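One structure is given below, encoded as C-alpha cells.
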Amino acid sequence: MIFALETSVNSKSGVSARCRSVDSNLRGRTLNSMHAKCSDSNEKTGMARRTFLGTALLTGGVLLARGSDVIFGAGSSGSSNVATNPTWKLGGDLTVNRLGFGAMRVTGEGIWGWPADRGNALKVLKRAVELGVNLIDTADAYGPETSELLIAEALYPYPNGLVIATKGGLTRPGPGEWVPDGRPEHLKQAVDGSLKRLRLERIDLYQLHSIDPKVPMEESLGAIKEMRDAGKIRHVGLSNVEPDEIERARKIVPIVSVQNRYNIEDRKSENALVYCEKNNLGFLPWFPIGGTRGLKHENALNALAKTHGVSIFQVALAWLLERSPVMLPIPGTSSVVHLEENIAAAKLKLAPEEWKAINALAS
C-alpha cells in the first residue's frame, strides 16, 4: 500500500518527522501502520551495506553498468525464482523487472510537500531507471501530489517499457494524516489528476489505495471501472485487502495486483499472497523490512547477513524475491547509494538451509 523499505529520511526544517495517527476504523483495520511508514528507515545499515555493494561491483557480482539483465539475474545462477523468473507480466501484457521502486520517499519529510533537495530526488528517480527498474509505484497521496510531479519532471518523456503504477482513495488533510475517500466522484477526479501530473494518456496500473468503510466497495471500484472503460486506466489493482475482498472486487472489474503489508517477520497477508499465486496476480509488499520496528537483530536474518557481509535489509529483499514468483518488491529511498544497494540485493544467493532458517522467522 504505502510503501516501505525506506532507506533514507530527509531533514526539512519546520516539518515534524512524527506522523499523527488517524484511526479510520477500516472494519477493524486501522491506518496506524501506514502513518508509521513516515519514520521507516534503514539508514543504520552502515559500512556493511556499502562494503557489499562495492565488493559486488568490483567482483562482477552486480555489474550495474552492464544493464538490467545482469542486475536482475537473467541467465545467471542466482536464487531459483530470480534466476529463472527475473520478470513478471503484470496483467499478462506488461513485462516488468520484479524488483521495482517505490516513490514515496522522494517527497518531503513526513511524506508531505517537496523534498529538501529536489535535485537529489530527481537523480534518484533517474538512477532507478538506469539500473533497470521499469516498475515505479506512487500515489496521489504522496506529498500529496509531489511524488507524481517529480516522476514526470525526472523521467518524461518516459522510456519504452516503463510502467508507472499509482493509487487513489486516500486523502491528506495534513502531514501524517491519511483519510480514506472512496466516493466515486472523488476517485474519478483522482484519476484525472494523476493523469495530468504524470503527463499520461493512460495509467498502466491504478490501485484503490484503501477501501473506504463509509463507501461500498462496489461503488468505489465501479467508478474506477468507468475510468478503465473510458481508456484512462489499463489495469486495476488493490491495496490493504483480504482474499474475500479481492474475490468481491474481481466480480466488479478485472484485478491484476494486490499491495499489502508483508515481510519476513510479519506475514499476516500470507493468505492474500497465496490467493495471488493461485490466481496469477502480482503481489507488491509494503513494510518489507518491518516498518518503524524494523526486523529483530537477534535472529537468523541478522546472523545470515553477517555471514554474507551484507545488511539484513538486503537479505530481506532477496528473501521476498525468492519467496514467490508473483512477488514484486518496490523498495523506496531518497538516496542514490541506498538505491544501488537495494538493486544489488537481487543478486544475493543463500543456500537452501539458510532460506529455511529465514522462513522460520514468521511472527
Side-chain angles (χ1 to χ4, degrees), residues 1-4 26-29 33 72-73 78-100 102 134-135 137 163 165 167 169 204-211 217-218 220-222 224-225 228 233-288 316-331 346 352 355-356 358-363:
M1 179 174 168
I2 299 176
F3 179 62
L26 286 169
R27 286 165 296 166
R29 300 192 302 271
S33 295
F72 289 93
S79 62
S80 59
N81 283 332
V82 177
T84 61
N85 186 21
T87 62
W88 172 260
K89 281 200 172 183
L90 194 60
D93 62 350
L94 294 176
T95 301
V96 297
N97 290 318
R98 288 178 55 212
L99 190 57
N134 65 348
L135 172 60
D137 178 78
V163 174
K167 299 182 285 293
D204 282 331
L205 175 60
Y206 193 82
Q207 305 155 95
L208 181 60
H209 210 157
S210 175
I211 295 176
M217 180 198 298
E218 288 73 13
S220 298
L221 287 175
I224 292 177
K225 181 180 184 299
R228 177 179 178 271
I233 295 171
R234 186 169 188 168
H235 294 301
V236 179
L238 302 171
S239 184
N240 262 16
V241 288
E242 299 293 337
D244 64 316
E245 293 168 327
I246 307 172
E247 192 70 23
R248 281 177 56 197
R250 295 177 71 199
K251 295 177 181 178
I252 305 165
V253 62
I255 301 298
V256 305
S257 65
V258 171
Q259 188 171 156
N260 277 12
R261 182 171 68 181
Y262 189 89
N263 59 63
I264 290 171
E265 295 177 348
D266 183 353
R267 304 185 209 175
K268 293 182 178 66
S269 287
E270 190 74 31
N271 289 339
L273 172 58
V274 171
Y275 183 96
C276 289
E277 290 174 330
K278 290 181 178 178
N279 293 277
N280 207 39
L281 307 181
F283 187 88
L284 288 69
W286 58 270
F287 264 9
L317 278 175
W319 178 84
L320 284 171
L321 289 168
E322 173 69 16
R323 168 62 187 84
S324 171
V326 308
M327 193 80 74
L328 306 175
I330 42 175
W355 288 114
K356 183 176 180 180
I358 294 175
N359 283 330
L361 298 178
S363 57

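Quick caveat: nothing in here was measured; it's all calculated off a predicted structure. For reference, positions follow the sequence shown, starting with 1.
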**Q.** Sub-4.5 Å side-chain heavy-atom contact between Leu135 and Asn97
**A.** no
Q. For the atom pair CG (Leu328) and CG (Leu320), what is the distance rounded to the nearest 0.5 Å?
A. 10.5 Å
Q | Pairwise distance CZ(Arg323) to CG(Asn263) - rounded to 0.5 angstrom | A | 12.5 Å
Q | Lys167 NZ to Asn240 CG distance, which is reported to the nearest 0.5 Å | A | 10.5 Å
Q: Starting at NE2 of His209, measure out to CD of Gln207 and round the result to the nearest 0.5 Å.
A: 8.0 Å
Q: Identify the two heavy atoms, one from Ile233 and one from Arg228, that lie closest to each other, and give their separation to 0.1 Å.
A: O-CG, 3.5 Å
Q) Is it the case that Tyr275 and Glu247 place a side-chain donor and acceptor less than 3.5 Å from each other? A) yes
Q.
Just so I know, are the side chains of Val236 and Pro254 near enough to count as touching, which here means a heavy-atom distance under 4.5 Å?
A. no
Q) Hey, are the side chains of Leu208 and Ile224 touching, using non-hydrogen atoms and a 4.5 Å cut-off? A) yes
Q: Could you tell me which non-hydrogen atom of Gly100 sits nearest to which non-hydrogen atom of Pro331, and how far apart they are?
A: O-CD, 3.4 Å
Q: Side-chain contact test, heavy atoms from C-beta onward, threshold under 4.5 Å: evaluate it for Leu94 versus Asp204 and give yes or no.
A: yes
Q | Pairwise distance CD(Glu322) to CG(Leu317) - rounded to 0.5 angstrom | A | 13.5 Å
Q. Can you name the closest pair of heavy atoms from Ile264 and Ala316 and give their distance?
A. CD1-CA, 3.7 Å
Q) Can a salt bridge be assigned to the pair Lys251 and Glu218 using a cut-off of 4.0 Å between side-chain N and carboxylate O? A) no
Q) How many angstroms lie between CG in Leu238 and CG in Leu221, if you round to the nearest 0.5 Å? A) 6.0 Å
Q: Provide the closest heavy-atom pair for Met217 versus Arg248 in the form atom of the first, atom of the second, distance.
A: CB-NH2, 3.7 Å
Q: Decide yes or no on side chain to side chain contact (heavy atoms under 4.5 Å, CB included) for Asp93 and His235, but give the supporting numbers first.
A: CA-CA 10 Å; Asp93 62 350; His235 294 301; 2.7 Å; yes
Q. Is a side-chain N or O of Arg98 found less than 3.5 angstrom from the main chain of Pro329, in a donor-acceptor match?
A. no
Q: Flag the pair Ser324 / Leu273 as yes when at least one side-chain heavy-atom distance between them is below 4.5 Å, and no otherwise.
A: yes
Q | Expected output: side-chain Arg261 to main-chain Pro285 donor-acceptor under 3.5 Å | A | no
(Q) For a quick test of reading the model, state the closest non-hydrogen atom pair linking Asn260 to Ser239 and the distance between them. (A) OD1-C, 3.9 Å
Q. Tell me, do Leu281 and Ser257 make a side-chain contact under 4.5 Å, heavy atoms counted?
A. no
Q. Are side-chain heavy atoms of Asn279 and Arg250 found at a separation under 4.5 Å?
A. yes
(Q) Between Glu245 and Ile211, is there a side-chain heavy-atom distance shorter than 4.5 Å? (A) yes
Q) So which heavy atom on Val326 is nearest to which on Glu277, and how close? A) CG2-CG, 3.8 Å
Q. Do the side chain of Asn134 and the main chain of Thr95 share a donor and acceptor less than 3.5 angstrom apart?
A. yes
Q. How are the rings of Trp319 and Tyr262 set relative to one another: parallel (under 30°), tilted (30 to 60°) or perpendicular (over 60°)?
A. parallel
